[in-house]
Trainee: 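Sharing a structure with you now.
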Amino acid sequence: MVDFLNAFALLSNFVIVPAMTYGSQLALGALGVTLVYGILRFSNFAHGDTMAFGTMVTIFATWGLQSAGVSIHPLPTALLALPVGIAATVALCLVIDRSVYKFYRKSRSVPVVFLIASVGVMFVLNGVVRFIIGPGDQRFADGERFIIKAKAFKKLTGLNEGIAFKTSQGLTIVTAIIVVAALFWFLNRTRSGKSMRAYSDNEDLARLSGINPERVVMITWTLAAVLATIAGVLYGLDKSFKPFTYFQLLLPIFASAIVGGLGNPLGAIAGGFVIAFSEVVVAYAYKKFLTYLVPEQWAPDSLVQLLSTDYKFAVSFVILVLVLLIRPTGIFKGKGA
Amino acid sequence: MNSSTRTIALFTAMAAALVAVGVFQSWPLALAILNLCLISAIMSLGVNIQWGYAGLFNVGVMGFTALGGLAGVLISVPPVTEALQAGGFGIFIALVLISLTIAGAILIYKRLPAGKARNFSMIGVIVIGYFLTRYFFFPAVDAIEAVDSARTGYLGGLGLPIIFSWVVGGVFAAAVAWVVGKIALGLRSDYLAIATLGISEIIIAVLKNEDWMTRGVKNVSGLPRPVPYEIDLQQTLWFQDWASYLGMSPVDFSSVFVKLCYAGLFTVVLLILLWFSERALHSPWGRMMRAIRDNELSSAAMGKNIKGRHLQVFVLGSAVIGIAGAMLTTLDGQFTPASYQPLRFTFIVWVMVIVGGSGNNLGAILGGFLIWFVWVEAEPFGLWLMDVLSSGMAEDSDLRKHLLNSAAHMRLMTMGLILLLVLRFSPRGLIPEK
C-alpha cells in the first residue's frame with residue numbers, strides 16, 4: 001500500500017501536476033486562437049508573439065512595481081502588473097486590426113490572405129519584442145515559490161516521495177478556471193457574447209438580425225488579447241520568458257485548438273489538456289514509478305521512457321496528424337475540413 | 001512601361017545594387033551575397049510553385065531545406081568504417097523494422113473492415129514494432145556514438161561528390177512532402193500550414209538529436225567541395241599570374257575566384273529550374289493548376305482531381321526547396337542543425353515570394369535576390385540608423401547602448417513591414433503574374 005502511495009505521489013509530482021499546469025496554459029492560448037478563428041476565420045500565426053508582447057509589458061510593469069517597493073507577498077508581483085499588460089495588448093490588437101486586417105475584411109479576401117498578413121504581424125511583433133527586451137531569458141517570478149514543499153509533504157505523510165506544488169502551478173490552474181468560467185459566462189449569458197456566437201455560426205444571418213460585425217470583431221480581439229496576455233504571463237511565471245519559446249508555443253497551441261475542433265471554445269480547453277498530458281506522459285521516465293509497483297526482481301534497468309524529452313513537441317504533432325486523419329473536425333465538432 | 005521592360009529594369013537595378021556593394025564595400029562580400037541570393041531565389045522558386053501555381057500555403061520551408069542539408073552530409077562525407085561495423089547492422093535492422101511496422105499498419109487499415117478488430121490489430125502491430133525497433137536501435141546507437149565521439153561518432157556518408165546531394169536532397173524533401181501532403185491536403189488551407197509548421201520543427205529536432213546520423217549539435221564540418229580550395233589555388237603558378245595580371249593579391253583573388261565558381265554552378269541550377277518551371281507554368285498542366293487555384297469547385301466539376309494535383313505540385317515545390325537546401329550546405333561547407341531557424345528559413349522565403357510576385361517565376365527569383373539583399377544590408381543600415389538617432393545622447397548612456405545592441409532585431413521588423421505593405425498596396429508583387 002505504501003509503495004502504491006509512493007508511486008502515486010511520484011506520478012503526481014512529475015506528471016499530473018505539471019501536465020495540469022501546462023494544459024491550463026495551452027488551453028488559454030488555444031482559446032484565443034479558436035475565438036479569432038471562429039469570428040475572423042483564419043489561424044492567427046501572430047498569437048504566440050502577441051503572448052510574448054503582453055508578457056513583456058507585464059514584466060516591465062513588474063519591474064517598475066518591484067523597484068517602487070510594491071509587493072503582494074506571497075503572491076508574485078506580476079499578478080498586480082497583469083492589468084497593465086492586458087491593457088497594452090488589447091490596445092495593440094485593436095490597432096493591428098484597424099491597420100492590417102480591416103482592409104482585407106472589407107475586401108472580403110480569402111482566409112489564406114489573412115494568414116499571410118498574420119505572418120507579417122508576427123514578424124513585426126517578434127522584432128518589437130526582441131528589440132525592446134532582447135532575445136534572452138527573463139525571470140520575473142517572485143513571492144513564495146512553493147505552496148507545498150516536497151520535504152514538508154514527506155514529513156506530513158511519511159512517504160518516500162514528495163509532491164512539490166509550486167505557487168506558479170497553483171496560480172495557473174486557479175486563474176485558468178476563473179478565466180474560463182468568466183469567458184463562458186460572457187459567451188453564453190451576455191448580449192455581446194451571444195452576438196459573437198451568432199456571428200460565428202452564420203455571418204449573414206447575424207448581419208440581418210442587426211448585429212454590428214465591427215463590434216463583434218472588436219470584442220473578439222479584446223478577448224484574444226486578454227487570453228493571450230494571461231496565458232503568456234502564467235507560462236512565463238511557471239517557466240521563464242524568452243521570445244523564441246513563445247513563438248515555438250504556436251505549434252502545441254494550434255494542435256490543441258485543432259484537436260478540440262477549431263472555433264469551438266470547449267474543444268480548445270479539452271485539446272489543451274489532451275496535448276499537455278500526452279507530451280508529459282510520453283516523455284516521462286517510468287523507471288522509479290514501476291520499481292515501486294512491481295516485485296523487486298522485475299524492476300526495470302532502463303529508464304522506461306517512451307520518447308526522449310527532445311521530441312516532446314513531436315507528440316503534439318502526432319496527435320494532430322491522428323486527428324486530421326480520423327476526425328478532421330476535432331473532438332468537439334469545430335469548423336474544420 | 002510594358003511588363004518585359006519593367007522586368008529587365010528591375011533585374012538591372014538589382015545587379016547594380018550588387019555591383020555597388022562590390023565597389024563600396026568589397027567584392028568578396030558582394031559575391032557572398034550573390035551566392036546566397038541565388039540559393040534564396042531557388043527556394044522562393046520552390047515556394048512559388050506551391051503558392052503561385054496552386055495556392056498551397058507551406059510553412060515548412062525550413063524543414064525541407066534541412067533535409068537537403070542532410071543529403072549533403074549523407075552523400076559527401078566518407079563512411080566511418082569502424083562505426084559501420086559497430087552499429088551499422090543494428091541501425092539497418094531498426095530501419096527495416098520501422099518500415100515493416102508502418103507498412104503493416106497501413107495494410108491492416110486498408111484490408112480489414114472498419115471496427116474494433118482493425119483498431120486493436122493496428123495498435124498491436126505498432127506497439128510490437130515499436131519495442132522491437134527499440135531493441136535493435138538503442139544498442140546500435142550507443143555503439144556508433146562511442147566510436148571516437150570527439151571526431152566522428154556517427155555513421156558518415158557515402159563519400160561521393162557533394163554535387164550528387166543536390167539531387168538526393170530534392171528526393172528527400174519530395175518524399176517527406178508526399179507524406180505530409182497525403183495527410184493534410186484536401187482539408188482546409190490552414191491545416192496544411194500547421195502540419196508543415198509541425199513537420200519542419202520535428203525534422204530539425206531529429207537532426208539535432210540523432211547523433212548517429214548527423215552528429216547532432218556537434219555539427220559536421222569540412223564537407224568536401226565541388227570547387228577548388230583557396231589554399232591550393234594560391235600555390236599554383238597560373239593562378240598567381242592571373243592575380244598579378246588583375247592587380248589583386250593571390251589571397252583576395254582566390255576568394256573571389258572560388259565564390260565565382262560557386263556562383264557559376266548555382267546559376268546553372270537556377271537557370272535549369274527556371275526553364276522547367278516556365279515550361280510547366282505555360283503547359284496545359286500549368287493552366288490546369290491555375291484553374292484549380294482560382295476556382296476549385298469548377299475545376300472539380302470539369303473532372304480534375306484536385307487533391308491529386310495539389311499533392312503533385314506540393315511534392316515538386318518541396319523538391320526544389322530541398323535542392324536549394326543541399327546547395328546551401330555545400331556552400332557553407334558544414335551542416336549545423338542548430339542554425340535552422342524558422343524566421344530565417346521559412347518566413348523570409350515567404351516574404352520573397354510575396355514581394356517578388358506570386359505566380360510569376362521571374363518575380364519569385366527577383367524577390368529572392370531583393371529580400372536577401374535587404375536582409376543582409378538591413379543590419380549595417382539599422383546600426384547606422386540607431387547611431388544617428390541616438391547621436392544626441394551621451395556616449396555611455398544605457399539607452400544608446402541598448403539601441404545599438406538591439407539594432408540587429410530591426411530587420412525582423414523591416415521584413416514584417418515590407419510583407420504587410422506589399423500585401424496591402426501591391427498584392428501582386430513587383431513582377432505580377434501575367
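Chain letters run A, B, ... following the sequence lines, proteins first, then strands; residues in each count from 1.
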Trainee: Please flag which part of A:Ile258 lies under 4.5 Å from any non-hydrogen atom of chain B: side chain, backbone, both or neither.
Mentor: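 Just the side chain, heavy atoms under 4.5 Å.
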Trainee: Quick one: which of A:Pro111, A:Pro135, A:Ser107 has the most heavy-atom pairs under 4.5 Å with chain B, could you say?
Mentor: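 That would be A:Pro135.
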Trainee: Please identify, among B:Lys182, B:Met415, B:Met410, B:Arg134, the residue contributing the most non-hydrogen atom pairs under 4.5 Å to chain A.
Mentor: B:Arg134
Trainee: Could you tell me which portion of B:Pro427 (side chain, backbone, both or neither) has an atom closer than 4.5 angstrom to a non-hydrogen atom of chain A?
Mentor: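 When you check distances to chain A, no heavy atom of B:Pro427 falls under 4.5 Å.
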Trainee: Working to the nearest 0.5 Å, report the span between CG of B:Asp190 and OH of A:Tyr37.
Mentor: 5.0 Å
Trainee: For B:Lys218, is the NZ atom crowded, meaning more than 12 foreign heavy atoms sit under 6.0 Å from it?
Mentor: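 More than 12 within 6.0 Å, yes.
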Trainee: Considering only heavy atoms, which portion of B:Val59 lies under 4.5 Å from any heavy atom of chain A: side chain, backbone, both, or neither?
Mentor: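 The side chain, not the backbone.
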Trainee: Please look at B:Phe57 and chain A and tell me whether the side chain, the backbone, both or neither of the residue comes under 4.5 angstrom of a heavy atom of that chain.
Mentor: side chain
Trainee: Measure the spacing between CG of A:Leu115 and CD1 of B:Ile194 and express it to the nearest 0.5 Å.
Mentor: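 Those atoms lie 7.5 Å apart.
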Trainee: To the nearest 0.5 Å, what is the distance between CG on A:Leu324 and CG on B:Leu185?
Mentor: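 Nearest 0.5 Å value for the CG-CG distance: 11.0 Å.
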Trainee: Can you tell which part of A:Val110 gets under 4.5 Å to a heavy atom of chain B, answering side chain, backbone, both or neither?
Mentor: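 Neither; nothing under 4.5 Å.
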Trainee: For B:Ile418, is it the side chain, the backbone, both, or neither that has a heavy atom closer than 4.5 Å to a heavy atom of chain A?
Mentor: neither
Trainee: Nearest 0.5 angstrom please: A:Phe247 CZ to B:Gln341 CD, how far?
Mentor: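 Atom-to-atom, A:Phe247:CZ and B:Gln341:CD are 9.0 Å apart.
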Trainee: Does OH in A:Tyr311 sit with more than 12 non-hydrogen atoms of other residues, nucleotides or ligands closer than 6.0 Å?
Mentor: yes
Trainee: Determine the minimum heavy-atom distance between B:Ala195 and A:Phe317, stating which atoms define it.
Mentor: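 So the two residues come closest at O-CE1, 3.2 Å.
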Trainee: Sort A:Phe131 into side chain, backbone, both or neither according to what part of it lies under 4.5 angstrom from a heavy atom of chain B.
Mentor: both
Trainee: For chain B, which of A:Phe254, A:Phe244, A:Phe123 has the most heavy-atom pairs under 4.5 Å?
Mentor: A:Phe123
Trainee: Rounded to the nearest 0.5 Å, what separates atom CG in B:Leu420 from atom CZ in A:Phe103?
Mentor: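 It comes to 12.5 Å.
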Trainee: Given that the side chain runs from C-beta out, which part of B:Leu419 has a heavy atom under 4.5 Å from chain A: side chain, backbone, both or neither?
Mentor: side chain
Trainee: For A:Val100, which atoms come within 4.5 Å of any heavy atom of chain B: side chain, backbone, both, or neither?
Mentor: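 For A:Val100, the side chain is the part near chain B, not the backbone.
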Trainee: Does a sphere of radius 6.0 Å around CZ in B:Arg424 hold more than 12 heavy atoms from other residues, nucleotides or ligands, not counting ones at 6.0 Å or beyond?
Mentor: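 It does: B:Arg424 CZ has more than 12 such atoms within range.
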Trainee: For B:Trp178, does the CH2 atom have more than 12 heavy-atom neighbours from other residues, nucleotides or ligands under 6.0 Å away?
Mentor: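 Result for CH2/B:Trp178: open.
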Trainee: Where on A:Leu320 is there a heavy atom nearer than 4.5 Å to chain B: the side chain, the backbone, both, or neither?
Mentor: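 Only the side chain of A:Leu320 comes within 4.5 Å of chain B.
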Trainee: Would one find more than 12 heavy atoms of other residues, nucleotides or ligands at under 6.0 Å from atom OH of B:Tyr130?
Mentor: yes
Trainee: Can you tell me which of A:Val124, A:Val321, A:Val129, A:Val113 forms the most heavy-atom pairs within a distance under 4.5 Å of chain B?
Mentor: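 Greatest number of close heavy-atom pairs with chain B: A:Val124.
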Trainee: Answer with side chain, backbone, both or neither: which region of A:Leu125 has an atom nearer than 4.5 Å to a non-hydrogen atom of chain B?
Mentor: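 No part of A:Leu125 comes within 4.5 Å of chain B.
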Trainee: Given the options A:Val121, A:Ile132, A:Val112, A:Ile116, which has more heavy-atom pairs under 4.5 Å with chain B than any of the others?
Mentor: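 It is A:Ile116.
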